[in-house]
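Computed from heavy atoms alone, side chains included, the values below leave out hydrogens, waters and symmetry copies.
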Amino acid sequence: MDMRIFQVHSNKALPHAGSILIASPLLYDYHFARSVILMVTHNIEGSMGIVMNKNFRYHVSLNQLVPRLASMPVIPVFKGGPVERDTIFFLHVLGNLEGALNLGNGLYLNGDFTALQQYILNGNPIEGYVRFFSGYAGWAYKQLEKEIDDDSWMVGETDKCHLLDENYRDLWFNSMNDLGNPYRLWATYPQYPSCN
């Protein structure tokens, strides 16, 4: 048997805005284990991304944070990363929202938050169109490249369906599978091997 199939290696691809980082199954960091991160920037100033598949232990809703939206159906806020947890980011497909950053693949980040609130108050759809996050993940210049070289991250491509329609709990497994072999095998690696 070829034992190399049990060695997890990064695909060594370079991240860019709109790509995703997929945590190695052997990355046990509290904030990033089994995480999928949408890259927002990656340049000589460093890297920034939003964790797409983590929720708070005690669920947080936008309705709690924005009094104007208190009477609307519950809008979840996900854990976007450990940096600046008091800042709300929103990923969406509303290309005409003024000030939105185009990430490619039909995805946009932030924009005119007052206009977005009005969009919500007008009864427009949220699910599949907008997701909200508190905080972000950040890396100093060259730090992320080193973590990729150390096999902590795989780099992949994705689309709006994955990030906005899919259940966030399935995102890591499905993203690893999308990379093909041998990543499909690694997607089945138990999160807590000592419990098996």
Without placing hydrogens or testing angles, list every side-chain donor-acceptor pair under 3.5 Å for residues 115-130, not counting sequence neighbours.
residue: Q118; atom: OE1; partner: R68; partner atom: NH2; Å: 2.7
residue: Q118; atom: NE2; partner: N122; partner atom: OD1; Å: 2.9
residue: Y119; atom: OH; partner: P125; partner atom: O; Å: 2.8
residue: N122; atom: ND2; partner: Q118; partner atom: O; Å: 3.3
residue: N124; atom: ND2; partner: Y119; partner atom: O; Å: 2.9

Would you give me the side-chain donor-acceptor pairs under 3.5 Å for residues 98-107, sequence neighbours excluded?
residue: N102; atom: OD1; partner: G104; partner atom: N; Å: 2.8
residue: N105; atom: ND2; partner: T158; partner atom: O; Å: 2.8

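Partners of N43 by side chain to side chain contact (heavy atoms under 4.5 Å, CB included), not counting sequence neighbours, listed by chain and number: T41, E45. Taking D29 as the reference, L27, H31, F32 meet the side chain to side chain contact (heavy atoms under 4.5 Å, CB included) condition, with sequence neighbours excluded. Remark: Y136 engages no residue in a side-chain hydrogen bond (donor to acceptor under 3.5 Å, both in side chains) (not counting sequence neighbours). By the salt bridge (charged side-chain N to carboxylate O under 4.0 Å, His left out) test, D151 pairs with K12, sequence neighbours left out. Applying the side chain to side chain contact (heavy atoms under 4.5 Å, CB included) criterion to A13, with sequence neighbours excluded, gives N11, V155. Applying the ring-ring contact (aromatic ring centres under 6.0 Å, His included) criterion to Y183, with sequence neighbours excluded, gives W186. For W139, the side-chain hydrogen bond (donor to acceptor under 3.5 Å, both in side chains) partners two or more places apart in sequence, or in a different chain, are E147.
The OG atom of S134 lies 7.5 Å from the CG atom of D86; values are rounded to the nearest 0.5 Å. From F132, atom CZ reaches atom CZ of F90 across 6.5 Å, with rounding to the nearest 0.5 Å.
Pairs engaging residues 133-146 under the salt bridge (charged side-chain N to carboxylate O under 4.0 Å, His left out) rule: K146-D150 [sequence neighbours left out]. Applying the side chain to side chain donor-acceptor pair (under 3.5 Å) rule to pairs touching residues 73-85 yields E84-T87, sequence neighbours excluded. Residue pairs satisfying the ring pair (Phe, Tyr, Trp, His ring centres under 6.0 Å) criterion with at least one member in residues 35-77, sequence neighbours excluded, are absent.
D178 and H162 form a side-chain donor-acceptor contact under 3.5 Å, judged by distance and modelled atom types alone.
Contact detail for L69 and L62: the closest heavy-atom pair is CD1-CD2, 3.6 Å.
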